[in-house]
Amino acid sequence: MKKSTTTKSAKAKNWNYEATVANLETIIDEIESGQLDLAEVFDKFAWAVAALQECEVFLSEKKKQMNLLIETLEDEAEF
């Protein structure tokens with residue numbers, strides 16, 4: 001399966017972590033309700049997996065940024 005790629009600039013302009021998490025929660029509720037056709041379940045599940053991967057990348061990038069900021073503060077405190 002090929003991973004979808006999103007450029008950082010497009011992601012920054014159009015993608016929102018909180019909105020994505022809210023959409024994921026809605027999808028989980030819809031799937032758990034049992035009211036969807038099987039094809040819809042697969043489509044929504046596929047979207048959810050891709051969205052979770054985007055969230056994971058986003059959180060990983062932010063963690064790296066925070067660690068860099070913390071390291072910078074620690075370096076400045078040594079002077």
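Count residues from 1 along the sequence. Scope of the values below: all heavy atoms of this structure, side chains included, with no hydrogens, waters or symmetry mates.
Rounding to the nearest 0.5 angstrom, the gap separating the CG atom in Asp43 from the CG atom in Leu38 is 10.0 Å. In this structure, CG in Asn67 is found 10.5 Å from OG1 in Thr72, a value given to the nearest 0.5 Å. Summarising the geometry, atom CG belonging to Asp37 is positioned 11.0 Å from atom NZ belonging to Lys44; distances are rounded to the nearest 0.5 Å. The CE atom of Met66 sits 11.0 Å away from the NZ atom of Lys62 when rounded to the nearest 0.5 Å. Distance NZ/Lys64 to CG/Leu68: 11.5 Å, rounded to 0.5 Å.
Thr20 and Cys55 get closest at one heavy-atom pair: CG2-SG, 3.8 Å.
Leu24 is not connected to Trp15 by any chain of hydrophobic side-chain contacts under 4.5 Å among Ile, Leu, Val, Met, Phe, Trp and Tyr, and they are in different clusters. The same ILVMFWY cluster, assembled from side-chain heavy atoms under 4.5 Å apart, contains both Leu52 and Ile31.
Taking the six-membered ring where tryptophan is involved, the planes of Phe58 and Tyr17 are essentially parallel, since the angle between them stays under 30° and well short of 60°.
By the 4.5 Å heavy-atom criterion applied to side chains, Val21 and Glu25 are counted as neighbours.
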- Ile27 and Phe45: side chain to side chain contact (heavy atoms under 4.5 Å, CB included), yes or no, with the steps? CA-CA 8 Å; Ile27 286 173; Phe45 184 77; over 6 Å; no
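By the side-chain contact (heavy atoms from CB on, under 4.5 Å) test, Gln35 pairs with Ser33, sequence neighbours left out.
For Ser60 (side chain) and Glu56 (main-chain N/O), no donor-acceptor pair under 3.5 Å exists by modelled atom type.
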